[in-house]
Amino acid sequence: MRHRTALAVPLTVLALAGCGGDGSGDVAESLTIVGTEFAFDPADVSIAADTPTEVTLDNQGVVEHDWTIDELGVEIYADAGESTTDTVTAPAGTYEVYCSIPGHRDAGMVGELTVRD
């Protein structure tokens with residue numbers, strides 16, 4: 001199993017919950033993205049800028065998938081039938097999300113992350 005993340009985040013939004021943070025790194029939001037062959041659900045998601053967000057990739061597919069954002073150095077990887085959670089904090093902007101497993105992006109496993117001010 002591999003897992004790599006650096007900064008950012010997110011695909012079915014099963015939970016989005018705000019909780020007041022005190023600036024000490026508390027998670028302020030959470031998202032669950034479902035990966036299948038060959039789609040994210042939802043494909044497009046939105047989070048608050050500069051806010052720690054707990055992102056879970058729930059791989060309900062039969063092969064490995066990841067949720068990658070090149071501009072942010074993010075890759076959340078999950079083996080078939082498994083979930084991986086990581087905390088992501090990102091600056092405002094719009095970012096392309098895709099599965100970096102060979103052939104998956106071309107098969108339509110793409111989306112967009114909007115990080116709002």
Quick one: do Y77 and L57 satisfy side-chain contact (heavy atoms from CB on, under 4.5 Å)? Show the steps, please.
CA-CA 7 Å; Y77 173 90; L57 175 60; 6.0 Å; no
For E112 and E96: C-alpha separation, side-chain torsions, deciding distance, then whether side-chain contact (heavy atoms from CB on, under 4.5 Å) applies.
CA-CA 5 Å; E112 186 173 270; E96 179 187 28; over 6 Å; no
For V45 and T114, what are the C-alpha separation, side-chain angles and deciding distance, and is it a side-chain contact (heavy atoms from CB on, under 4.5 Å)?
CA-CA 6 Å; V45 294; T114 301; over 6 Å; no
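Annotation: side chain to side chain donor-acceptor pair (under 3.5 Å) contacts of S83 (sequence neighbours excluded): D58. Scanning for side-chain contact (heavy atoms from CB on, under 4.5 Å) contacts around D70 gives T68, Y98, with sequence neighbours left out.
Side-chain atoms of E54 and L31, non-hydrogen and from C-beta on, never get closer than 4.5 Å to each other. In this structure, the side chains of V55 and T87 stay at 4.5 Å or more apart for every pair of heavy atoms. No side-chain heavy atom of N59 sits less than 4.5 Å from a side-chain heavy atom of E82.
The distance from atom CD of E29 to atom OG of S46, rounded to the nearest 0.5 Å, is 8.0 Å. With rounding to the nearest 0.5 Å, the separation of OG1 in T84 from CG in D79 is 7.5 Å. Atom NE2 of H65 and atom CD1 of I76 lie 15.0 Å apart (nearest 0.5 Å).
There is a side-chain donor-acceptor pair under 3.5 Å between T56 and T85.
Of all heavy-atom pairs between A49 and P91, the closest is CB-C, 4.3 Å. Taking every heavy atom of both residues into account, R105 and V110 meet most closely at CG-CG1, 3.8 Å. C99 and H104 make their closest contact through SG-ND1, 3.3 Å (heavy atoms, listed as atom of the first residue, atom of the second, distance). The two residues V63 and A80 make their nearest non-hydrogen contact at N-CB, 3.6 Å.
Distance alone, capped at 3.5 Å, is enough to place a donor-acceptor pair between the E37 side chain and the V62 backbone. R116 places a side-chain N or O within donor-acceptor distance of the main-chain N or O of I47, the cut-off being under 3.5 Å.
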